[in-house]
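Chain letters run A, B, ... following the sequence lines, proteins first, then strands; residues in each count from 1.
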2 protein chains.
Amino acid sequence: MTDHVDNDGAASPKLGFRPLYQQVRDMFVRRLVDGRWTPGQALPSEMELAAEIGVSQGTVRKALDALAAENLVVRRQGRGTFVAEHDEARILFQFFKLAPDDGERAFPESRVIHIARGAATPEEGARLALKRRAQVIRIDRVRLLGGRPAISERVTLPAALFPGLDAREVPNNLYGLYAAGYGVTVANARERLKAVGLPPEQAAHLDVAPGAPALLIDRLAIALDGSPVEWRVSYCLTDGFHYASDLR
Amino acid sequence: MTDHVDNDGAASPKLGFRPLYQQVRDMFVRRLVDGRWTPGQALPSEMELAAEIGVSQGTVRKALDALAAENLVVRRQGRGTFVAEHDEARILFQFFKLAPDDGERAFPESRVIHIARGAATPEEGARLALKRRAQVIRIDRVRLLGGRPAISERVTLPAALFPGLDAREVPNNLYGLYAAGYGVTVANARERLKAVGLPPEQAAHLDVAPGAPALLIDRLAIALDGSPVEWRVSYCLTDGFHYASDLR
DNA sequence: TAGTGGTCTAGACCACTTC
DNA sequence: AAGTGGTCTAGACCACTAG
């Protein structure tokens, strides 16, 4: 029995107190991490889970609501609770913040320039929390917005996590590939934005003069278990497009 | 009696169904909008509110939890529930996304360049949902990050909402002034970011060459009742600083 | 010690989906 | 009609804060 829920080991109830529903949430996250529950799958009903674990339905509900708030599951009244998928629609709204100044959002096409494997630089190792001289996979690609090249980016991955990815056809939706092909679910990401002059190499890819203003997006993607799984640096032209950010 | 909670007027229960706790939430928002509850004030306890309204404590709890999720109230176990304040710490983390590349976040000093009142341009009228030829207040200022001028921005406000603000000492924390001086609470904001070459006027304010890459932030701030109350356009130098965005 | 919000339970009923 | 998640209630107990 790997799943465990417990609080009072007859010890002091004050220290290390963790609510039952959070323990249940953690248990459910473990099932997602180890692939016991996979994207798209329907979870057992609240009543079944409650009976299995030995808590009330209300406690299971709070745990599932927490997962839904983290976009890890999707709940639909009358149908059930499902493990979230990295389909294009979800990516588009959750992880891709560039939108046309007017008009509908659309998923950008991608054109891979180069893909290779090599030893991590010190910076790559630091960002991805890798051991000394670990291998990484680097993907350089150009992405099209509204039919025009607008993003030049490099994606850096720990090679150990994605064996054979460098010898594979790379799809447009990378996070979908990570999930379906390697069981790696991107749970969240931290982005840092700057305005910079476009370096010559990126300028050539985007067919623009070097030094033109570009939005630099430095993103670190974090997996379900909290470990960094992707480092992505994107240079974006923001002519007719913008980065949308809602502050609540 | 202005507060009202009701569902089934013996009509079809299917259409226009709105859960009780959301109706209670709406009632509470009304109390915030009309100043019956003011920033910093302690709300009555859950039990008192439940008895007053005539619903269970659990329903009041769900309503207050919703408000807490929107950052409109702050709940503290053992102490009570309090109306959120626009103090600098809150602004710093909720509405100000520029952070030093390394080091602690700090609230930027401000230096006002110019304040004036005038008729709204068509664009200002459109952004702020104003009537034709309504008056606006415009504040131009420079803000300092790490002691150096880094942001040149124009703040545009509906004059009707902020009488006399143009003849007043303008503090560093504008949202605090809106709340304390005019009873206007900024509930959320939408930002659009672009990378642009710095226009001559802003370049002069920031003591940088025109055309240098700058982060353009176009922000529309929304009040509790959903109406736009501030339009702000900021040109930011991102040398040693970045715009932080967390994607969940 | 009293009062607050936070957790947990149990059960009834409602709205939505599917068969 | 059956099964799912969503709402609402009522009550017990726990953790935290303040006097």
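Distance check, rounded to the nearest 0.5 Å: CZ of B:Arg232 to CZ of B:Arg141 gives 5.0 Å.
If you take CZ of A:Phe82 and C1' of C:dT17, they are 10 Å apart, rounded to a whole angstrom. Between the P atom of C:dC8 and the CZ atom of A:Arg18 lies a distance of 11 Å, rounded to the nearest Å. If you measure from atom CG of A:Asp65 to atom P of C:dC8, you get 14 Å, rounded to the nearest angstrom. For B:Leu20 and C:dC14, the CG to P distance is 13 Å, given to the nearest whole Å. Residue A:Arg25 contributes atom CZ, which lies 14 Å from atom P of C:dC8 at whole-angstrom precision. To the nearest angstrom, C1' of C:dA12 lies 11 Å from CD of A:Gln57. Per the geometry, CZ belonging to B:Phe17 stands 11 Å off C1' belonging to C:dC16, to the nearest Å. The distance between atom OH of B:Tyr21 and atom P of D:dT9, rounded to the nearest whole Å, is 13 Å.
A sub-4.0 Å separation between OP1 or OP2 of C:dT7 and a side-chain N or O of A:Lys62 is present.
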Going through the checks in order, is the salt bridge (Lys or Arg N to Asp or Glu O under 4.0 Å) test met by A:Glu70 and B:Arg248?
-> CA-CA 7 Å; A:Glu70 299 173 73; B:Arg248 280 154 296 167; over 6 Å; no
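When each of A:Leu220, A:Leu157, A:Leu161, A:Leu128 is paired with A:Glu230, the side-chain contact (heavy atoms from CB on, under 4.5 Å) condition holds for A:Leu157 and for no other. The side-chain contact (heavy atoms from CB on, under 4.5 Å) test with A:Phe28 singles out one residue from A:Leu72, A:Val83, A:Leu49, and that residue is A:Leu49.
B:Val229 is listed as a side-chain neighbour of B:Val186, based on a closest heavy-atom distance under 4.5 Å.
Mapping B:Arg61 and A:Thr59 onto DNA chain C by nearest heavy atom places B:Arg61 at the nucleotide closer to the 5' end.
Taking the six-membered ring for Trp and thresholds of 30 and 60 degrees, A:His86 and A:Tyr175 have ring planes more than 60 degrees apart, a perpendicular arrangement.
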Can you pull every protein N or O that's under 3.5 Å from an N or O on nucleotides 2-4 of chain D?
unit_1	atom_1	unit_2	atom_2	d
D:dG3	N2	A:Gly78	O	3.1
D:dT4	O2	A:Gly78	N	3.1

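In this view, B:Gln22 and B:Arg18 satisfy the side chain to side chain donor-acceptor pair (under 3.5 Å) rule, not counting sequence neighbours.
Classification of A:Arg111 and A:Glu153 as a salt-bridged pair fails, no side-chain N sitting under 4.0 Å from a carboxylate O.
In this structure, A:Arg192 forms no cation-pi arrangement with B:Tyr243, as its terminal cationic atom is not both closer than 6.0 Å to the ring centre and no more than 45° off the ring axis.
Stem analysis of DNA chain D (Watson-Crick or G-U pairs, both distances under 3.5 Å, runs of at least three) returns C:1-18 with D:1-18.
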